[in-house]
Amino acid sequence: MTVRPAERADQAERAIRAGRIVAIVRLPRLSEVAATAITETLVSSGVTAMEFTLTTENALRAVTAARAVVGERAVIGAGTVLSVREVEEAADAGAQFIVSPDVNVDVIEATVRRGMLSLPGAFTATEVRRAVEAGAAMVKLFPAGPGGVEYLKALRGPLPEVAFVPTGGIDVTSVADFLGAGAVAVALGSGLVSSAEDLSGLADRARRAVESAGGAR
């Protein structure tokens, strides 16, 4: 089934909410072959959303290769997106959601215009509200590790309607705690995807993360 651009955001949000795990692929460089292998390993292990960061060499090619591999089984996003130009390039590469480390209103609005889900990074209540008002359907609580679960709980007190996706300093062992505190999903980076070679280890970590997410419902 061909997904129209206007449907990308809804499809991405549904997949992230359903799977509750977002795999962040942030490596020094990544060939299309390696991107395909990582993607297939993650999807086969139950992960339904993954982000390729633009700090990774060949990231946009990886996005395109990953989309070709997953079909309708998962959604693919671009991360560390810092400008409107990068939003456009990621959209053209096939990204279904855009992740940024900060609240850049221009990036959020450009993402929404292209029919993609915007997932900007925010830490304070002021930043969270600014992100939502700009059009973000979900907010990446970043960095989540230093504040931990208690900080997420404190933010959700006055902002219960916000769909938080914590990331930064979180590993597989923390998944259930953050989801239990009210996160809609958890994004895992180096604690999940540490290299392009260790596919068996990646599969094991991914399965444990997916099991933890399922157990936290």
Should [X] and [Y] count as side-chain neighbours, where that means a heavy-atom distance under 4.5 Å?
X	Y	answer
V70	I76	yes
V99	T80	no
R73	E40	yes
I21	V175	yes
V162	M138	no
L179	V186	yes
L42	L202	yes
L119	I98	no

* Asked: Please walk me through it: do K153 and E150 pass salt bridge (Lys or Arg N to Asp or Glu O under 4.0 Å)?
  -> CA-CA 5 Å; K153 290 179 179 177; E150 294 305 315; 3.5 Å; yes
N/O donor-acceptor pair under 3.5 Å between [X] side chain and [Y] backbone:
X	Y	value
T111	V107	yes
E127	T124	yes
R205	L192	yes
T48	A15	yes
R26	T53	no
Y151	F123	yes
S118	A136	no

Within one Ile-Leu-Val-Met-Phe-Trp-Tyr cluster: [X] and [Y], side-chain cutoff 4.5 Å:
X	Y	answer
I108	V87	no
L60	V84	no
I170	V172	yes
V184	L117	yes
V210	L199	yes

* Test log, rule side chain to side chain contact (heavy atoms under 4.5 Å, CB included), inputs Q96 and M116 -> CA-CA 5 Å; Q96 292 155 288; M116 296 179 293; 5.8 Å; no
Atom of [X], atom of [Y] and distance for their closest heavy-atom approach:
X	Y	answer
L155	P158	O-CD, 3.1 Å
T64	A93	OG1-O, 2.8 Å
V43	A74	CG2-CB, 3.9 Å
A65	T36	CB-OG1, 4.0 Å
A95	A78	CB-N, 4.1 Å
A34	A196	CB-CB, 4.1 Å

* Basic-acidic side-chain contact under 4.0 Å: R17, E13 ->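 Yes.
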* **Pair E51 + K140, salt bridge at N-O below 4.0 Å** =>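 Looking at E51 and K140, the cut-off is not met.
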* Asked: Quick one: which of I24, L27, T39 gives a side-chain contact (heavy atoms from CB on, under 4.5 Å) with F52?
  ->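 It is T39, the one option of I24, L27, T39 that forms the side-chain contact (heavy atoms from CB on, under 4.5 Å) with F52.
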* Output, in order, the C-alpha distance, side-chain angles, deciding distance and verdict of side chain to side chain contact (heavy atoms under 4.5 Å, CB included) for R130 and V105. => CA-CA 8 Å; R130 187 163 178 247; V105 172; 3.7 Å; yes
* To do: Using the side chain to side chain contact (heavy atoms under 4.5 Å, CB included) rule, take T167 and L188 through it: C-alpha gap first, then chi angles, then the decisive distance, then the call.
  => CA-CA 6 Å; T167 187; L188 301 173; over 6 Å; no
* To do: Can you measure from CG (D204) to OG1 (T41) and round to the nearest 0.5 angstrom?
  =>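 Here the rounded value is 12.0 Å.
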* To do: Flag the pair F178 / F164 as yes when their ring centroid distance falls below 6.0 Å, and as no otherwise.
  =>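 Not under 6.0 Å, so no.
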* To do: Evaluate side chain to side chain contact (heavy atoms under 4.5 Å, CB included) for R29 paired with N58, printing each intermediate quantity in order.
  => CA-CA 7 Å; R29 61 187 58 84; N58 296 323; 5.5 Å; no
* Apply the test salt bridge (Lys or Arg N to Asp or Glu O under 4.0 Å) to residues E89 and R61: give CA-CA distance (whole Å), side-chain angles for both, the deciding distance (0.1 Å), then the verdict. => CA-CA 11 Å; E89 292 173 344; R61 291 183 180 179; over 6 Å; no
